[in-house]
Amino acid sequence: MKLLAAAVLATMAGGLSAAAREEAGQAPEIAGLTYDHAMELEYAQGFEVYYYEGGYKFIDIPQSGTYLVVPADGEEPEELPFEDTQVIYQDLKEIYMAASSVMSFFDALDAMDTVTMSGTDIGSWHIEAPKKAMEEGRMIYAGKYSAPDYEMMVDRVCDLCIESTMILHAPDVMEMLMDLEMPVFIDRSSYELTAFGRIEWIKVYGALLNKEAEAEAFFAEQEQILSEIETYQNTGRTVAFFSVNTDGSIVVRRTEDFIPNMISLAGGNYIFEDLKNPESNSASVAINMETFYDTAADADFLVYNATIEKTLGSVEDLIERDEMFAEFKAVQNGDVWQIDRTWYQSTALVGHLITDFNIMLEDKDHSGLMFLSKVGE
């Protein structure tokens with residue numbers, strides 16, 4: 001297992017996964033298995049699922065790893081297709097969930113009973129399903145991603161660890177989990193460039209849980225939002241989406257990201273027209289206040305990301321963080337908004353934020369808002 005862990009970490013450090021280095025769209029050959037078909041995807045760019053006869057599935061997540069899903073009545077092939085391939089055995093009954101944004105997918109799939117261990121304590125959950133599960137003892141806290149309770153996980157025979165990319169900052173933990181024969185599945189849904197690409201990740205979890213039909217049905221419901229969105233007209237109004245770090249720097253999103261995509265679909269224009277992140281693949285970009293002011297001072301709307309930082313109680317709270325905010329057009333016009341903490345943990349419903357943005361942009365009835373609110377209202 002140490003060799004496998006080293007191979008996985010080396011693959012992630014080197015870029016694309018082994019399967020992704022093969023010809024695009026080419027299913028890997030697996031000795032003893034017969035390839036059947038690939039999962040059809042409409043928006044997601046971050047994963048591929050290949051189906052083989054007998055219920056076997058091969059999942060490729062570039063920069064995270066490759067996974068062979070073995071059915072409950074199946075046996076692991078004698079030879080895996082790539083050295084970084086991890087094996088996930090069904091049926092999954094004891095999952096450790098450290099990627100909190102994924103939990104809403106399991107709720108949408110009616111699969112909360114499979115998640116018995118959480119990397120988020122009850123006080124940090126902002127959506128009801130995991131809070132209720134922990135209150136009733138159906139899910140227990142098993143330590144944060146960087147310090148999991150290995151003994152508890154071994155005792156419960158953990159089937160699978162679902163992690164965010166934060167685990168890449170704790171390679172020793174990842175290696176230990178794999179040495180203990182707990183496969184580590186790294187979610188990269190937050191790296192999708194479109195809102196519906198991110199929502200479509202429900203299909204990979206449907207594959208893990210043998211709930212493909214449920215995943216397809218849920219995704220179809222979310223696509224109904226898209227049909228409504230197509231009626232939205234561009235308002236010509238500009239939006240700055242940001243948060244303020246404790247050191248005073250401003251965190252915004254690069255232009256090619258699902259947040260600017262949602263603003264555009266809602267009928268708005270993201271204020272940063274060509275912002276990249278030269279430092280990393282992260283969609284978040286830290287800039288100084290002067291740079292933010294130069295670009296966003298005349299934005300029609302300021303939307304504060306309160307999923308990370310403390311919620312704003314008033315516009316004065318924002319000005320206290322930096323007096324320059326008083327000079328922003330949106331502050332002077334009373335158009336400061338914020339997104340609440342439930343949104344980050346509600347990945348399955350992120351499409352509804354597009355509707356919220358449209359309500360904000362067109363000043364519609366605020367009673368229909370799900371994640372956005374006007375500061376001070």
Side-chain angles (χ1 to χ4, degrees), residues 1-22 27-33 35 38-39 46-52 54-72 74-99 102 105-106 114-115 117 119 142 145 148 150 153-154 156-189 201 203-210:
M1 289 302 296
K2 285 183 178 294
L3 292 175
L4 174 57
V8 172
L9 293 168
T11 294
M12 292 183 293
L16 295 178
S17 69
R21 289 194 293 268
E22 296 293 299
E29 293 185 5
I30 304 176
L33 299 184
Y35 172 69
M39 177 182 286
F47 70 90
E48 297 286 348
V49 180
Y50 301 103
Y51 290 84
Y52 297 77
Y56 290 84
K57 305 163 191 178
F58 184 87
I59 300 173
D60 178 28
I61 303 180
Q63 299 184 58
S64 286
T66 59
Y67 308 87
L68 179 66
V69 181
V70 176
E75 295 182 359
E76 178 183 335
E78 292 184 4
E79 185 176 338
L80 296 174
F82 305 104
E83 63 179 355
D84 71 330
T85 299
Q86 299 181 68
V87 177
I88 299 173
Y89 293 95
Q90 296 175 323
D91 290 327
L92 297 172
K93 298 178 180 177
E94 294 276 355
I95 294 176
Y96 167 69
M97 180 70 74
V102 174
F105 286 143
F106 279 70
T114 66
V115 184
M117 291 168 282
Y145 78 94
Y150 299 113
M153 295 166 74
V154 169
R156 297 185 69 112
V157 192
C158 179
D159 297 315
L160 177 66
C161 304
I162 299 180
E163 304 273 357
S164 72
T165 54
M166 290 298 292
I167 193 65
L168 303 181
H169 300 289
D172 291 345
V173 173
M174 181 172 173
E175 184 172 356
M176 176 63 78
L177 292 171
M178 294 176 65
D179 286 344
L180 293 171
E181 300 187 352
M182 302 175 197
V184 178
F185 188 92
I186 302 177
D187 178 84
R188 295 186 67 87
S189 61
W201 274 71
K203 294 181 181 179
V204 78
Y205 294 107
L208 283 173
L209 299 165
N210 288 333

Less than 4.5 Å apart, any side-chain heavy atom of [X] and any of [Y]?
| X | Y | answer |
| --- | --- | --- |
| Asp91 | Asn210 | yes |
| Ile162 | Val115 | no |
| Val173 | Tyr150 | yes |

Considering non-hydrogen atoms only, spot the tightest contact between [X] and [Y] and give its length.
| X | Y | answer |
| --- | --- | --- |
| Ile167 | Met174 | CG1-CB, 3.9 Å |
| Gly54 | Pro71 | O-CG, 3.3 Å |
| Pro148 | Leu177 | CG-CD2, 4.4 Å |
| Thr165 | Asp187 | CG2-O, 3.8 Å |
| Ser164 | Ala99 | N-CB, 3.5 Å |
| Leu33 | Leu68 | CD1-CD1, 4.4 Å |

- Should the ring pair Phe82 and Phe58 be called parallel, tilted or perpendicular, given that the plane angle runs from 0 to 90° and is split at 30 and 60?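 Judged by the thresholds at 30° and 60°, the geometry between Phe82 and Phe58 is tilted.
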- Query: Between Phe185 and Tyr67, how do the two ring planes meet: parallel, tilted or perpendicular, split at 30° and 60°?
  - Reply: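 Rings of Phe185 and Tyr67: tilted, as their planes differ by 30° to 60°.
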Backbone of [Y] reached by a side-chain donor or acceptor of [X] within 3.5 Å:
| X | Y | value |
| --- | --- | --- |
| Asp159 | Lys93 | yes |
| Tyr56 | Glu75 | yes |
| Glu29 | Pro81 | no |
| Glu163 | Tyr145 | no |

- Task: For side chain to side chain donor-acceptor pair (under 3.5 Å), just list the numbers for Tyr50 and Asp60, CA-CA rounded to whole Å, side-chain angles, deciding distance to a tenth of an Å, and then say yes or no.
- Result: CA-CA 8 Å; Tyr50 301 103; Asp60 178 28; 5.7 Å; no
- Query: Would the Trp201 and Phe47 ring centres measure less than 6.0 Å apart?
  - Reply: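 Between Trp201 and Phe47, the centre distance is under 6.0 Å.
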Output the distance between atom [atom1] ([X]) and atom [atom2] ([Y]), rounded to the nearest 0.5 Å.
| X | Y | atom1 | atom2 | value |
| --- | --- | --- | --- | --- |
| Glu175 | Leu180 | CD | CG | 10.5 Å |
| Ile59 | Gln86 | CD1 | CD | 11.0 Å |
| Asp84 | Thr66 | CG | OG1 | 3.5 Å |
| Leu209 | Phe105 | CG | CZ | 12.0 Å |
| Ile186 | Leu168 | CD1 | CG | 4.5 Å |
| Met153 | Met182 | CE | CE | 5.0 Å |

- Item | side-chain contact (heavy atoms from CB on, under 4.5 Å) between Val184 and Tyr96, intermediate numbers included | CA-CA 10 Å; Val184 178; Tyr96 167 69; over 6 Å; no
- Query: Do Met166 and His169 pass the side-chain contact (heavy atoms from CB on, under 4.5 Å) test, and can you show the C-alpha distance, the side-chain angles, and the key distance before you say yes or no?
  - Reply: CA-CA 6 Å; Met166 290 298 292; His169 300 289; 4.1 Å; yes
